[in-house]
Structure formats: C-alpha cells, structure tokens
There are 2 protein chains.
Amino acid sequence: MNSCSPRPIVVVKSRLPSHCEECDARHRSVCNAIGTGDLDRLAAVATPRHIEKGETFIEEGQPAGDFFNITAGTAKLYKMLPDGRQQITGFAGVGHFLGLAVSDTYAFTAEAIEPIELCRFSRPKLRTLLDDFPLLEKRLLETACNELVAAQEQMLLLGRKTARERVASFLATRRAEASLCGNHGSTITLPMTRTEIADYLGLTIETVSRTLTKFKQEGKISLPSRDEITIKDPSWLTTTATGEDTASAFI
Amino acid sequence: MNSCSPRPIVVVKSRLPSHCEECDARHRSVCNAIGTGDLDRLAAVATPRHIEKGETFIEEGQPAGDFFNITAGTAKLYKMLPDGRQQITGFAGVGHFLGLAVSDTYAFTAEAIEPIELCRFSRPKLRTLLDDFPLLEKRLLETACNELVAAQEQMLLLGRKTARERVASFLATRRAEASLCGNHGSTITLPMTRTEIADYLGLTIETVSRTLTKFKQEGKISLPSRDEITIKDPSWLTTTATGEDTASAFI
DNA sequence: CGCGCTCCTTGACCCAGGTCAAAAAGCCCG
DNA sequence: CGGGCTTTTTGACCTGGGTCAAGGAGCGCG
C-alpha cells in the first residue's frame, strides 16, 4: 500500500521485452527478487496493461486467473454487502502485488482511482516463475505478512477507534508512506476522494469532512486544496492517532 | 483460525523426537508439507510446550524470536490501545501457525483462552527448515493468503456491519469452522467469553448479550449453556450475516 | 469567463449502540 | 447444597456519529 506518485503520470513505457529493467516499481516490489540478468524471463511472462480511472480490473467473486503488479497509479480494494455498503480494505500503489488468493475466486474488487499502469501475470506463468526463483516466493510471503500486519492494525482502527483517532491514523499512515517514497514534506497528496476515505475508515463522508474541519480549526492541519493536507503538528498527529491524548492519568 | 476441541483436553503427549507423527495438528497445519519420512527433522527443531489458560506467549512489541504451531487449545490474538481498548484480530486453534511477522517485533499479543499445547520453532531453525523444504514455504504463503482473506472479511464486518449482522456473522463462521472439523451438528461450542466475542466484533459485552437474547426470542437460536449455542435456523443466519434480510427491493 | 458538473462542507435532527448500574444465573468448592 | 465468586443478562439513560437536506466551492469545458 505505498502510492508514490505526486508527480504527473509518466508517459506510457515501451512494451519491449526489456520493460522490466526501467520499471518504476521494480525496486519497491517483489520483482526485485529477480536479478538483473534474469529480467527478460520476468518480462516474458508479464503483460503490461493500462487501466483507466474508475475502471475495475479485479472483481470480487470472479474466477481468479491473474495476478497484477502495479507500476504506476493507485487502486482501491474493496468488498461490498448486498445492499451496497462498501468497505475499502486498502489502497494499492506502485509496487503493490495483487491477486494473491489461494482460492479460485477473488476476495475483493480492485478499481483504479487514478490511471494505472500494471503488469498482468497469468496463474500458470507465475507458478513457473515461482518454481524457478524461490527468492520470489520468499518475497511474496514477506509481502503477505506485511499486509497481514497492516490488516490487523486496520481492524484495531475499525473496531475500537473514535472518528478523530481514525482520521488522525489515516493522515499519519499517509504521511509515513510519503516519507518512505522520499517525500519528507509535511504536505500529503491524497489520490482518493472523501467518500473513499470514509469507506476506508468505516465512517461517513460527513464525519470525515467534519473531523478534518475540526482539525483545521484547532490549527493542527491546513487544507491548501481539495486533495492536499498539510500537517502543522506532526507529534499531535501520532498521539491523537493512538488515543494517547485522551488516555487520562493511569493508576 | 480453526479451533476443534469440544472433547476434553488430551493427556500431555510424549516428548520423544517422534512426537510429530501422532500430532493432532499435523493434518490441518503447515506441517503436512513435510513427508512422514522427514518427520524426525521437523521434530528435532520443534519444542513442545504447554501454556496455561490466561497465559500470554506472544507479546505485542516484544522481539519476535519464535514461531508457534498450536496442537491443542485456543488462543486469542489481540492489539491494544494505550488506554486499554482491545481489539481481538482472531482466534487461533489447532493447526494455526503464529508469529509470521517479517518485522523483528510481534505485531500482536497471543493469550491462551483454554489450556494450549504448542510447538515452538526458533527463527533460525525454521529458516533452515524452510530452505530444506520449499513446499513448507509454499504452504506458509497459502496460509498467509487465507488469513489475509479472513482479515478483509473482518474489516468489512467491523467497518460496515450492524450489531445484528456482526453477531450473526460470528455464529455463521464458528459453525462453518466446526463443520470443517467434522462437527456437523447445529450446536456450536464457544471457548471464548462474551467479553472476548465483543472485543472480536468491535462491540460491547452488553450489545453481544442483548443481540443473542433477541435472536433467542425470535426463535432463531437457543442457549443451552453458557458456552453453547444451537442454531435453529441456519439459512436465516447466513442471510442475516450479510444483511440480505434488510436489503430491500432493488431498482 | 460563466455554466454545469461533481465533490465537499455545514446544519439540524435522530438513533444504534455505548455507558452506568444492578439483578440474576452459573459455577466452583468445601 | 449453600456461600462467595465470576460471568451474563437486563434496564434506564446518553451520546457519537449517522441521516437527511441545503448550500458552497472547485474545476473542466464550451
């Protein structure tokens, strides 16, 4: 879940067999398990593809035939209830590997929230690759473990945190991710709408909006534009995210 | 997350190197990736251990030195906020493999809710085993993927379901697990208290109790004893769990 | 540069589920 | 088989965040 493209969308890459070499995602995805010498092996089984904003490329309940690796853009991953209620389980950015279900149907839907470039791997081809590069399997396991840790953190958020804490946690996580991508400023860029933030945090759009407004009134953040948030008090953010500010004197 | 011991706790097993051969967990855990011929290799690196009810064997934030495989009993896995709010992220039963963090500290706490028998693997020893048995690594990846799917389902529950739907989902899942373990009756046995159910479902104990009472009044379940629930209307359970009963006519 | 989107904010009101408090039901033991 | 636990149930009340309903503000486009 590391989306790192505040810069404008890159020009569509050459689709020559060598496309893996200069891939933006290579160094932050499982693909780095494959040495430069073997990159043509990887490129041979990876089909690049462009996904328009709003387009869906994985659908919950559909047969799981392919795996995807995002090389540009961001997707939202979500599950839905029969009456339309929606829970976004995560955002997938550059380097994110998708479709890791053992079951033969996808467990969630993936939809582009900005234009996406990705590599598609068919199940059998990935299998061959995994058999030939055991390190790739290890990297996939690592990735899955990291996602599991993130999922548990999100369960804590959804099950036990207040609206304030949820929004603060969201901002804190977004900022941490931006840092990882080399962006150390205190302004974060959000590729998602308020509705999507709400569906991710288990809140309504109104509550997200109200909470952000309150943070602004308290002087903790500012909202320079619709999709930018400036953190004016980073340490306040982390304490608020964990409820430490509310946790009164103990014993 | 499959706990399968309605029968009384088994007598402590012999701790001879052959203990893996007759292990209850063998056929439903990652250990089945290792052939019978190599079981002594597995037994050599696995240290059996007994955990008392209420005892903690993994602690959030502590250095992650060991992995565990549960062979009898059930544990609750949880995360806590500074002020004591608790979210149970799952229950780990027989065959469950724990400690799969890539990071060097545990991301959650694991506490026995009934007496537990488990096998402990030190990190380096498991590493050796993984290098020698690639199939084991594949099975671990599978396991991690399954847990990821379960975690996403739980996020949907915590973020978007009503109290009724949460409790119904919990009962439905428990029943499905019991079926997997060969128990096809309509009565499920719960090793956890109401408080633990509440901390798992992101509710309070009062709401869990009230909801169960209402289900009973509606004739959908009965509560023969404190830790047993009989499902009298299985199809109602599944529709209620997904909110299909509330989803009014569409279009 | 103003028209018509879509997205966001704000306000007024409401209710599911939380909180607080007490009674009831098990349940372990001697 | 009764006394002191713990756990669960039930009741009365309250509140955080949901719902419903208007505005307002960006922003692409002709």
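A, B, ... follow the sequence lines: proteins, then strands. Residue 1 opens every chain.
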For this session: Please state how far atom CG in A:Leu223 lies from atom C1' in D:dG24, giving the value in whole angstrom units.
Result: 15 Å
Exercise. Would you call A:Asp199-B:Arg160 a salt bridge at under 4.0 Å N-O?
Worked result: yes
For this session: Please name the pair of heavy atoms, one in A:Ile221 and one in A:Leu212, separated by the smallest distance, quoted to 0.1 Å.
Result: CD1-O, 3.6 Å
Exercise. Under a 4.0 Å N-O cut-off, is there an ion pair linking B:Glu218 with B:Arg164?
Worked result: yes
Problem set entry | A:Leu201 CG to D:dG18 P, straight-line distance once rounded to whole Å | 11 Å
Seminar exercise, completed: Sorted by chain and residue number, the side-chain contact (heavy atoms from CB on, under 4.5 Å) partners of A:Thr105 (sequence neighbours excluded) come out as A:Ser103
Problem set entry | Salt bridge A:Glu165-B:Arg85, side-chain N to carboxylate O under 4.0 Å | yes
For this session: Please tell me if the side chains of B:Phe91 and B:Met192 come closer than 4.5 Å, counting only heavy atoms from C-beta onward.
Result: yes
Problem set entry | Any residue meeting side-chain hydrogen bond (donor to acceptor under 3.5 Å, both in side chains) with B:Lys220, in chain and number order, not counting sequence neighbours | none
For this session: Report the relative orientation of the aromatic rings in A:Phe57 and A:Phe68; use parallel for angles under 30°, tilted for 30 to 60°, perpendicular for over 60°.
Result: perpendicular
For this session: Round to the nearest Å and state the distance from A:Gln86 atom CD to D:dG18 atom P.
Result: 15 Å
Seminar exercise, completed: Separation of D:dG18 atom P from A:Asp199 atom CG, nearest Å, is 11 Å
Filtered N/O pairs between nucleotides 1-3 of chain C and protein, under 3.5 Å:
none

For this session: Please check if the side chain of A:Glu55 supplies one atom and the backbone of A:Glu52 the other of a donor-acceptor pair under 3.5 Å.
Result: yes
Problem set entry | Basic-acidic side-chain contact under 4.0 Å: A:Glu114, A:Lys53 | no
Seminar exercise, completed: Of A:Asp227 and B:Leu212, the one whose nearest nucleotide on DNA chain D sits closer to the 5' end is B:Leu212
For this session: Would you kindly say whether B:Asn69 and B:Ser29 are connected by a side-chain donor-acceptor distance under 3.5 Å?
Result: yes
Exercise. Between A:Arg160 and A:Arg194, which has a closest nucleotide on DNA chain C that is more 5'?
Worked result: A:Arg194
Problem set entry | Sugar-phosphate only, base, or nothing, as touched by A:Thr193 at under 4.0 Å among non-hydrogen atoms | sugar-phosphate
Exercise. Starting at CZ of B:Phe215 and ending at C1' of D:dT9, how long is that distance when rounded to a whole Å?
Worked result: 16 Å
Which pairs, protein N/O on one side and nucleotides 21-26 of chain C N/O on the other, fall under 3.5 Å?
| unit_1 | atom_1 | unit_2 | atom_2 | d |
| --- | --- | --- | --- | --- |
| C:dG26 | O4' | B:Arg226 | NH2 | 3.3 |

Problem set entry | Nearest heavy atoms of A:His50 and A:Pro115, plus distance in Å | CE1-CB, 4.1 Å
For this session: Could you check how far CD1 of A:Ile205 sits from P of C:dT6, rounded to whole Å?
Result: 14 Å
For this session: Please test A:Ser169 against A:Lys161 for side chain to side chain donor-acceptor pair (under 3.5 Å), starting from the C-alpha separation and ending with a verdict.
Result: CA-CA 9 Å; A:Ser169 300; A:Lys161 290 190 183 178; 2.9 Å; yes
For this session: Using five base pairs at each end, measure the axis-to-axis angle across the helix from C:dC1-D:dG30 to C:dG30-D:dC1 and round it to 10 degrees.
Result: 40°
Exercise. Does the side chain of B:Thr71 come under 3.5 Å of the side chain of B:Glu117 through a donor N or O and an acceptor N or O?
Worked result: no
Under 3.5 Å, N/O pairs linking protein and nucleotides 12-17 of chain C:
| unit_1 | atom_1 | unit_2 | atom_2 | d |
| --- | --- | --- | --- | --- |
| C:dG17 | OP1 | B:Ala163 | N | 2.8 |

